[in-house]
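On a predicted model such as this, the values are computed, not experimentally measured, just so you know. Nothing fancy with the numbering, it's 1 onward along the sequence.
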Amino acid sequence: MLLLPTIWEVSQNLSSQHYQQVPQTRRDQSFFVEFLLEQVSMATIKNLKIKTATCKRIIKELHSYEKEVEREAAKTADMKEKGADPYDLKQQENVLAESRMMVPDCHKRLESALADLKGALAELEESTQEKGQEFDDARSTITEIESFLKTTEE
């Protein structure tokens, strides 16, 4: 769920020069309201960027853990083949087990982040008429992750 900041929260974040200029006339008041709405819109686009970057980071982590599992499995097999010390072999198997546990965890976090990104994009598309690079980037990230998840399920 995307939470929009209240006008009061946005006005608290404004620089001191904007905040000290209290609108005196109706024209000034309408400008001030437009300015606040623009700040809220920028905040939601910023959230979209953050959610997109989160998805990209998690998919990178997932690839990294998958490579680590392959590397550690090869190392464990090599140690078994060479007849390594049982204690060292047991420690290596523990390392491999920990690496394997991280893959499903990353999948869950990726699915959660993907759902958040889809929700934020849908909500922002409903409320905003403008479309920009952030929207295209979010859509391409969603497509990439969905295709990745489909290939891993098969």
Side-chain angles (χ1 to χ4, degrees), residues 1-77 92-154:
M1 182 172 117
L2 184 64
L3 296 176
L4 297 175
T6 63
I7 292 178
W8 182 82
E9 290 172 332
V10 172
S11 67
Q12 294 300 312
N13 293 330
L14 298 177
S15 64
S16 61
Q17 65 182 7
H18 284 65
Y19 187 65
Q20 291 175 356
Q21 295 175 353
V22 178
Q24 299 298 322
T25 65
R26 183 170 289 273
R27 190 177 119 247
D28 290 342
Q29 288 173 347
S30 66
F31 173 75
F32 190 68
V33 168
E34 286 177 20
F35 178 76
L36 290 177
L37 290 174
E38 181 180 312
Q39 293 298 315
V40 169
S41 176
M42 287 175 59
T44 55
I45 290 175
K46 184 176 180 181
N47 287 340
L48 184 68
K49 285 182 181 179
I50 290 170
K51 290 180 187 307
T52 303
T54 299
C55 286
K56 288 179 180 181
R57 177 182 48 79
I58 293 174
I59 202 160
K60 264 186 174 179
E61 281 182 33
L62 184 58
H63 288 306
S64 173
Y65 282 124
E66 288 172 343
K67 287 179 185 177
E68 183 178 333
V69 166
E70 290 174 12
R71 188 174 54 245
E72 295 300 332
K75 189 174 179 181
T76 303
Q92 181 59 34
E93 287 173 349
N94 288 341
V95 169
L96 178 59
E98 287 179 15
S99 296
R100 283 187 176 145
M101 287 186 335
M102 291 307 296
V103 174
D105 178 58
C106 268
H107 268 282
K108 289 177 188 172
R109 289 188 297 131
L110 182 62
E111 289 170 357
S112 174
L114 179 62
D116 287 347
L117 178 60
K118 284 180 177 179
L121 181 62
E123 191 171 323
L124 203 55
E125 284 178 333
E126 285 178 9
S127 66
T128 316
Q129 297 299 325
E130 59 188 63
K131 306 289 184 223
Q133 179 63 31
E134 297 85 7
F135 291 88
D136 296 336
D137 195 25
R139 281 189 210 98
S140 67
T141 302
I142 289 171
T143 305
E144 176 187 337
I145 292 172
E146 285 178 340
S147 66
F148 173 76
L149 290 175
K150 283 181 185 176
T151 58
T152 57
E153 289 175 357
E154 295 172 353

E61 and R109: CA distance, side-chain angles, deciding distance, salt bridge (Lys or Arg N to Asp or Glu O under 4.0 Å) verdict: CA-CA 11 Å; E61 281 182 33; R109 289 188 297 131; 2.7 Å; yes

Gap separating the CD atom of E70 from the CG atom of L96, nearest 0.5 angstrom: 11.5 Å

Heavy-atom closest contact (I58 atom, A113 atom, distance): CD1-CB, 3.9 Å

T54 side chain to I50 backbone, donor-acceptor under 3.5 Å: yes

Distance in Å, E111 CD paired with C55 SG, rounded so as to fall on 0.5 Å steps: 11.5 Å

Side-chain heavy atoms of L117 within contact of I145, under 4.5 Å: no

Carboxylate-amine/guanidinium contact D136 R139, below 4.0 Å: yes

Intermediate values then yes/no, salt bridge (Lys or Arg N to Asp or Glu O under 4.0 Å), E134 and K51: CA-CA 11 Å; E134 297 85 7; K51 290 180 187 307; over 6 Å; no

Between CD on residue E144 and CG on residue L149, distance to nearest 0.5 Å: 10.5 Å

Spatial distance of atom OH (Y65) from atom CE (M101) [nearest 0.5 Å]: 10.5 Å

F135 CZ to L124 CG distance, which is reported to the nearest 0.5 Å: 4.0 Å

Test applied, side-chain contact (heavy atoms from CB on, under 4.5 Å); reference residue, T141; option that passes from L121, I59, T52: T52

Inter- and intrachain pairs under ring-ring contact (aromatic ring centres under 6.0 Å, His included), touching residues 94-126, at least two apart: none

R100 CZ to E93 CD distance, which is reported to the nearest 0.5 Å: 9.5 Å

Note, H63 side chain near K60 side chain (heavy atom, < 4.5 Å): no

Pair K67 + E72, salt bridge at N-O below 4.0 Å: no

